[in-house]
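Count residues from 1 along the sequence.
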Amino acid sequence: MSHSAAATKHDAAREHDSAPLAHHFDDLGQQHEAAQLGMWAFLVSEVMFFGGLFLVYAVYRNMYPSAFHAASHELDVVLGGINTAVLICSSLTMALAIRAAQVGKQKSQVMHLVLTMVLGLAFLGIKAVEYSHKFEHHLVPGPTFDIAAFGADGPQARIFFSIYFAMTGLHAFHMIVGIGVMIWITKRAARGDFTPAQHNALEMTGLYWHFVDVVWIFLFPMLYLLGRHA
């Protein structure tokens, strides 16, 4: 009886150790490579999506340089710069969360994930303030847009703000999705799901978050800085 109980205990322990491995993979290394490939394929599709928007901006800016010059001066460079710093810090805390998983520090994982979410929410809050200013000054594309404020360049300035809201709005949506995923990841980290041997979900979430941050690194100079020069 004692031998049977020991064997059962051994089998249970072995099953627990192999639990992170999905049945259709040979080992954790293969599973990790598949997860990376899937995430990179998704990110490539996102690069193509945002790349199309960047191309639209470049074409219209070349067509209407004076209008884009005037319209870009309505953007708040200070708030945009603060948001850039916030996202850079969030990338750091995300990287530290992954590092904590690699060395088996559960509390550090949770702490840095929470910090990443707080920074992400701070970014969205600042962006909401920026948007509110645009509504107050009637710079939101639509029937209330203040075309007269830009003189003859009014219709073309409206194109600038259409692109601005499209690009920054889609970026904010990606951030909201990322924060939603982060809530789930943080719950898993709190219950000890991520170990040095298996932390795929955390690492893939980190790749997504870094991608969203990189998109903003391109958006900030393109919309706030480059557009200010005719």
Side-chain angles (χ1 to χ4, degrees), residues 9-10 12-47 50 79-128 170-220:
K9 184 177 180 180
H10 174 73
R14 183 173 60 185
E15 182 180 352
H16 175 75
D17 291 339
S18 61
L21 180 64
H23 70 278
H24 50 281
F25 293 110
D26 294 333
D27 52 50
L28 290 177
Q30 185 186 62
Q31 180 171 278
H32 178 71
E33 290 176 2
Q36 278 193 322
L37 178 61
M39 177 53 71
W40 280 112
F42 168 73
L43 293 181
V44 167
S45 71
E46 288 290 287
V47 168
F50 277 101
L79 290 181
I82 293 173
N83 257 351
T84 302
V86 167
L87 280 195
I88 290 174
C89 290
S90 77
S91 273
L92 173 61
T93 54
M94 187 72 237
L96 290 173
I98 296 172
R99 179 56 183 168
Q102 292 172 340
V103 298
K105 295 182 178 179
Q106 181 182 349
K107 290 183 179 179
S108 183
Q109 289 176 48
V110 175
M111 179 186 72
H112 286 107
L113 285 170
V114 170
L115 284 174
T116 303
M117 287 189 288
V118 169
L119 290 168
L121 290 171
F123 176 93
L124 293 174
I126 294 172
K127 180 53 64 181
L170 284 168
H171 176 264
F173 172 76
H174 279 72
M175 287 209 65
I176 292 170
V177 171
I179 291 172
V181 173
M182 203 91 65
I183 293 172
W184 170 64
I185 289 295
T186 304
K187 289 180 179 178
R188 292 190 58 187
R191 68 177 185 234
D193 284 3
F194 304 125
T195 65
Q198 169 66 352
H199 50 273
N200 278 351
L202 176 59
E203 188 173 342
M204 297 311 108
T205 301
L207 280 175
Y208 175 84
W209 191 260
H210 294 319
F211 166 76
V212 174
D213 290 358
V214 168
V215 169
W216 178 258
I217 295 300
F218 280 92
L219 286 178
F220 174 63

Non-hydrogen side-chain atoms of Asn83 and Phe220 separated by less than 4.5 Å: no
Side chains of Phe194 and Asn200 in contact at under 4.5 Å (non-hydrogen atoms): no
CA sep, side-chain torsions, deciding dist, call: Asp213, Ile88, side-chain contact (heavy atoms from CB on, under 4.5 Å): CA-CA 7 Å; Asp213 290 358; Ile88 290 174; over 6 Å; no
When rounded to the nearest 0.5 angstrom, what is the spacing between [atom1] in [X] and [atom2] in [Y]?
| X | Y | atom1 | atom2 | answer |
| --- | --- | --- | --- | --- |
| His210 | Leu92 | NE2 | CG | 9.0 Å |
| Ile179 | Met117 | CD1 | CE | 8.5 Å |
| Arg99 | Gln109 | CZ | CD | 12.0 Å |
| Ile176 | Met182 | CD1 | CE | 13.0 Å |
| Phe123 | Cys89 | CZ | SG | 13.0 Å |

Under 3.5 Å side-chain donor-acceptor pair for Ser90 and Trp209: yes
Side chains of His112 and Ser108, donor plus acceptor under 3.5 Å: yes
Donor-acceptor contact below 3.5 Å, side chain Gln106 vs main chain Ala189: yes
Taking every non-hydrogen atom, the tightest pair across Ile98 and Gly206: CD1-CA, 4.0 Å
Residue pair Val86 / Leu119: nearest heavy atoms and the distance that separates them: CG1-O, 3.1 Å
Leu113, Asp193, Thr186 screened by side-chain contact (heavy atoms from CB on, under 4.5 Å) with Leu202, the one that passes: Leu113
Whether His171 and Trp216 hold their rings parallel, tilted or perpendicular, with breakpoints at 30° and 60°: tilted
Test log, rule side-chain hydrogen bond (donor to acceptor under 3.5 Å, both in side chains), inputs His199 and Thr195: CA-CA 6 Å; His199 50 273; Thr195 65; 5.9 Å; no
Steps toward side-chain hydrogen bond (donor to acceptor under 3.5 Å, both in side chains) verdict (Glu46, His174): CA-CA 10 Å; Glu46 288 290 287; His174 279 72; 2.3 Å; yes
Residue pair Leu87, Met175: steps toward the side-chain contact (heavy atoms from CB on, under 4.5 Å) verdict: CA-CA 10 Å; Leu87 280 195; Met175 287 209 65; 3.6 Å; yes
